[in-house]
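First the structure, in the form of structure tokens, and then the observations on it.
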Amino acid sequence: MNLILTVLEIVTPVFLLALIGFTWVKTGHEYRLEFVTKLTMTLSVPALIFTALIKADIDPAALTALSLASVAAYGGVTIAAWITVKALKLDTRTYLAPLIFGNTGNLGLPLALFAFGEAGLSYAVVVFAAMALWSFTFGIYVTAGRGSLGKAFKEPLVWATALGALFLWQGWTLPRVAMYTLEMLGQIAIPLMLITLGVAVARLHPRGLGRATLISLGKVVLCAGIAALAGMYFNLDPVPFAVLVVQIATPVAVTSYMLAEKYGADSDSVAALVVSSTLLSVLYLPLLLAMVI
């Protein structure tokens with residue numbers, strides 16, 4: 001009973017904040033999605049990542065092991081997703097990226113913070129950075145038929161992760177005024193990301209929810225299973241192991257829909273994946289957390 005209450009305390013704020021965004025749009029209020037997304041991804045999330053790493057009390061060996069496990073997990077998920085897409089004769093440009101990339105930012109970072117505290121957030125940032133690099137390169141290449149490694153290194157969150165890791169490794173910090181400023185900027189990221197997730201889901205126009213639900217279920221099993229294998233192979237401690245599994249098993253990211261819309265893939269089908277997997281996550285994320293806590 002205590003475990004159930006603990007899990008509910010963790011996941012309830014996540015979905016309540018997303019519900020606020022969903023309700024806000026459905027009741028006719030304005031929400032400038034593009035502006036808020038740019039604000040969070042350019043300023044607030046990088047500040048959150050940088051300060052989380054600077055303040056992190058993480059053993060360098062554990063950080064290295066999690067980094068390697070994240071790369072291995074995403075490599076395994078990519079191969080398994082490609083085989084699945086080909087076996088089911090699905091359109092690669094439409095389905096491959098959504099099967100690989102979860103919502104490690106809007107949903108994964110807050111969930112790790114609420115479940116495991118500041119240390120969990122620091123570990124989650126590592127997984128998020130691995131996803132971001134792979135998404136900005138391979139993910140765009142798959143969806144658009146072209147990609148650029150240079151684009152990934154122009155993203156502020158990538159530089160924030162690299163600088164934060166350097167500061168963590170060297171034991172550096174910033175003057176108190178600078179740290180307070182960055183911490184305040186980072187603090188707005190999590191509520192804004194969750195509210196934005198609800199807004200984005202409210203505005204999607206899904207098609208084929210039945211098939212999307214089955215695919216989403218397959219994605220959860222695939223991603224959680226491969227992440228668990230990677231975590232065991234690299235002998236991760238309980239908290240980074242749990243963070244890795246939960247992060248990689250998060251539902252389809254809204255950015256997958258945005259990329260499909262931008263590059264001419266079947267965006268309605270991707271929208272169905274986003275909606276179905278996000279709704280399913282209300283059920284499976286508590287179960288997954290109960291298994292790894």
Side-chain angles (χ1 to χ4, degrees), residues 7 11 14-15 18-19 22 73-108 111 127 131 134-135 138-144 194 197-231 244-292:
V7 171
V11 299
V14 170
F15 291 112
L19 182 61
F22 185 91
Y74 274 114
V77 168
T78 299
I79 294 170
W82 184 84
I83 293 172
T84 301
V85 166
K86 294 301 180 184
L88 297 178
K89 298 181 179 179
L90 300 172
D91 178 51
T92 302
R93 291 181 60 223
T94 298
Y95 287 96
L96 184 55
L99 284 177
I100 298 170
F101 304 111
N103 204 339
T104 56
N106 292 59
L107 193 55
L111 200 58
V127 185
M131 183 282 300
W134 196 224
S135 176
F138 181 75
I140 291 177
Y141 174 78
V142 166
T143 307
L194 290 172
L197 172 62
V199 170
V201 170
R203 289 178 175 173
L204 293 177
H205 301 287
R207 185 182 65 198
L209 280 173
R211 183 170 75 163
T213 301
L214 293 176
I215 294 173
S216 298
L217 284 170
K219 170 182 165 59
V220 175
V221 174
L222 186 79
C223 291
I226 292 174
L229 288 174
L244 178 69
V245 173
V246 171
Q247 275 281 67
I248 292 184
T250 49
V252 178
V254 176
T255 52
S256 293
Y257 168 79
M258 294 177 179
L259 288 176
E261 182 76 16
K262 181 176 181 178
Y263 294 113
D266 187 353
S267 58
D268 286 345
S269 294
V270 178
L273 288 173
V274 174
V275 172
S276 61
S277 63
T278 301
L279 292 176
L280 283 172
S281 71
V282 178
L283 301 175
Y284 79 73
L285 282 177
L287 293 175
L288 198 57
L289 276 171
M291 293 172 64
V292 297

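All residue numbers in this chain count up from 1 along the given sequence.
The minimum heavy-atom distance between Pro286 and Val11, with the atom names listed, is CG-CG2, 3.9 Å. Nearest heavy atom pair, residue Arg93 against residue Val142, reads CG-O, 3.4 Å. Summarising the geometry of Ala272 relative to Leu209, their closest heavy-atom pair is O-CD2, 3.8 Å, with the distance given to 0.1 Å. Across all their heavy atoms, Thr143 and Tyr263 have their closest contact at O-CB, 3.9 Å. In terms of heavy-atom proximity, Ala249 sits nearest to Cys223 at CA-CB, 4.1 Å. Here the shortest heavy-atom pairing between Ala81 and Leu222 reads N-CD2, 4.1 Å.
Taking the side chain as every heavy atom from C-beta outward, Thr278 and Val252 never approach each other to under 4.5 Å. Inter-residue side-chain proximity for Thr255 and Phe101 is flagged as unmet; no heavy-atom pair is nearer than 4.5 Å. At least one side-chain heavy atom of Leu107 sits less than 4.5 Å from a side-chain heavy atom of Pro251. Contact of the Ile215 side chain with the Leu99 side chain is registered, since non-hydrogen atoms from C-beta on lie closer than 4.5 Å. Contact of the Phe15 side chain with the Leu285 side chain is registered, since non-hydrogen atoms from C-beta on lie closer than 4.5 Å. By the 4.5 Å heavy-atom criterion applied to side chains, Leu111 and Leu289 are counted as neighbours. Considering only heavy atoms from C-beta on, Tyr257 comes within 4.5 Å of Leu204 through its side chain. A 4.5 Å side-chain heavy-atom check between Ile248 and Ile226 finds every atom pair outside the cut-off.
The closest side-chain donor-acceptor pair between Thr92 and Trp82, if any, does not fall under 3.5 angstrom. With hydrogens and angles left out, the side-chain atoms of Ser269 and Thr94 include no donor and acceptor closer than 3.5 Å.
Under 4.0 Å is where a charged nitrogen must lie from a carboxylate oxygen, and between Asp266 and Arg207 at least one such pair does.
Here Leu194 contributes atom CG and Leu19 contributes atom CG; the two are 11.5 Å apart, rounded to the nearest 0.5 Å. Atom CG of Leu88 sits about 10.0 Å away from atom OH of Tyr95, to the nearest 0.5 Å.
When atom types are taken as modelled, the side chain of Tyr284 and the backbone of Leu217 share no donor-acceptor pair closer than 3.5 angstrom. A donor-acceptor pair is defined here as one N or O able to donate and one able to accept, closer than 3.5 Å; such a pair exists between the side chain of Ser277 and the backbone of Val274.
Within 6.0 Å of CZ on Arg211 lie no more than 12 heavy atoms contributed by other residues, nucleotides or ligands.
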What's the verdict on side-chain hydrogen bond (donor to acceptor under 3.5 Å, both in side chains) for Ser216 and Ser276, showing C-alpha distance, side-chain angles and the deciding distance?
-> CA-CA 7 Å; Ser216 298; Ser276 61; 2.9 Å; yes

